[in-house]
Amino acid sequence: MDTRHEPPGSTTNRNSTTTRPTTPTLHKHQELVKIGEKSVMIWNFIVSIRVLKAKRFTAEDTLVFFSAIERALDLGSEYDDGFLLVNPRNNKYHMQYSTKSGNFDLADYSKTELPQNSTRQLELSFSFFSPYEEFWSANIPIPSLQDACKSFNGKCFPDSFKGEDNSLLGIITEVDLTVLPRDAVEKLLEREFEVRFGEKTQFRLRKSLMGFKDGSKSQATEIIQVYGRTREKSIALGFISSLFIQNGLKLLGFKRAEFTPMNMLAGPTNTNQRALILKAHKRFILEHKTIMLRNVLPTNWSEDASSEVCKDVLSKEYYMKDNLKLTSLYDLFFSYLIDTRSDPVAVGKYSPGEGSTTVFVVVPTKRMNNTFEAIHNLNRSSSVSIFFHSPIDRAFPPECLAYLSKGVDKASRQAVASKENNSF
């Protein structure tokens, strides 16, 4: 930002008589910069507006959008100058309620140009800043911004590209979106890109609805969109396609996931291809279930799995299979589920909070009961200590407990389950 344009406010807490140093953790959409002698935090965002019928957006429309955003920033702070919009033309800031000055120009508020053609969706970049360090970590006025965006059928989200031109590269399908760690996938793509090309880049994953035609009916399904820098679009497309062909997401526990470039989905010539891909994804979601083991204490699954441990966990027939290669406890756990006919397509874990870990297993719906039997038998065996520091029965989901209550052993439970299925 322009060092000649001094911001209001102070980098010290107004309620404190002493200055305290700040070392905030920066996310991709944040920048900590100096303006004169003062440090300020900049947040980069996107406002997305979707309409039912395609229209040509005008400057008057964008004035409405940014007037609402400006009001939201003002309401989100106890100070008059707590959050102020940034002018991308000169890297100076706007005074309060600048949109009411009567000479609004979109270029003074966003790096994005209005499309010349009619469209159903418009996305505009914008930035705001605060000189008050008490706002730098946790007090961003997201609720106020989202409420403001709802007033014009929009929503806002962090812009990790910081206003730089970016493009929708393609979509990820045939994966459970509820457990796919988007931030981890972004880091994986960026790390592998740098290893291959020796340059840093940036990717962003977003959950979104995508429509398609199924005969005469219009349908939609939720997918993951992958965005990358426009200037690296061609290279990034080839890179991501090759990574998915090589099953790159297996590093995150997903043995099955598909990436489709947008040039295979967009436009009238790809209508049938788009429908096939999205129907396959929708079918995948319907035919698979995710089993969650919450608040468990896993061991270090990256440790080596010795041959002795493998023999203890796996059946003799499975262990003796040709070319069985197990390099870690994670591989062993995955193989155990295959051995017990669970047919998992994804196994992983994440920490929703400090001291809390959730293990997830994605399996075909028809294999749910086999998976319940597998985790039940593991919990009752001494092998549970290989994968968990304590028994896991308290983490069994309600569906698992309901199934296990159907009988005293596997045969009796399966008999009841089979009779229930045949009655429908």
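Judged purely by distance below 3.5 Å, without hydrogens or angles, the side chains of E194 and T201 never pair a donor atom with an acceptor atom. D339 and S315 share a donor-acceptor pair across their side chains, judged by distance under 3.5 Å alone. Judged by distance alone, the side chains of S218 and K213 do bring a donor and an acceptor atom under 3.5 Å apart. Defined by atom type and a distance below 3.5 Å, a donor-acceptor pair is missing between the side-chain atoms of D147 and S144. Judged purely by distance below 3.5 Å, without hydrogens or angles, the side chains of N44 and Q30 never pair a donor atom with an acceptor atom.
For the atom pair CG (N270) and CG (N263), the distance works out to 7.5 Å, reported to the nearest 0.5 Å. Atom CG of L249 and atom CZ of F259 lie 11.0 Å apart (nearest 0.5 Å).
By the 6.0 Å contact criterion, CZ on R394 is open, its count of non-hydrogen atoms from other residues, nucleotides or ligands being 12 or less. Remark: N272 CG is loosely packed, at most 12 non-hydrogen atoms of other residues, nucleotides or ligands lying under 6.0 Å away. No more than 12 heavy atoms of other residues, nucleotides or ligands lie within 6.0 Å of NZ in K187, so this atom counts as exposed by the packing criterion.
Relative to the six-membered ring of F193, K200 misses at least one condition, a distance below 6.0 Å or an angle of at most 45° to the axis. Taking the ring axis of F254 as reference, the NZ or CZ atom of K250 does not stay both within 45° of it and closer than 6.0 Å to the ring centre. Annotation: cation-pi geometry not satisfied between R274 and F212 (NZ/CZ under 6.0 angstrom from ring centroid, within 45° of ring axis).
No side-chain heavy atom of S302 sits less than 4.5 Å from a side-chain heavy atom of S328. In this structure, K155 and Q146 have side chains that are in contact, with non-hydrogen atoms separated by less than 4.5 Å. Considering only heavy atoms from C-beta on, I277 comes within 4.5 Å of L265 through its side chain.
Ring centers of Y109 and F65: at least 6.0 Å apart, outside the cut-off. Taking the six-membered ring for Trp and the full ring otherwise, F129 and Y93 have centroids separated by under 6.0 Å.
A perpendicular orientation is assigned to the rings of F66 and F126, their planes being inclined by more than 60° (bins at 30° and 60°). Using the six-membered ring where Trp is involved, W301 and F387 have ring planes that are perpendicular, over 60° apart on the 30 and 60° scheme. Classified by interplanar angle (parallel below 30°, tilted 30° to 60°, perpendicular above 60°), the ring pair F284/H281 is parallel.
No donor-acceptor pair under 3.5 Å is formed between the side chain of N166 and the backbone N or O of Y227. Listed for the S67 side chain is no donor-acceptor partner under 3.5 Å among the backbone atoms of T99.
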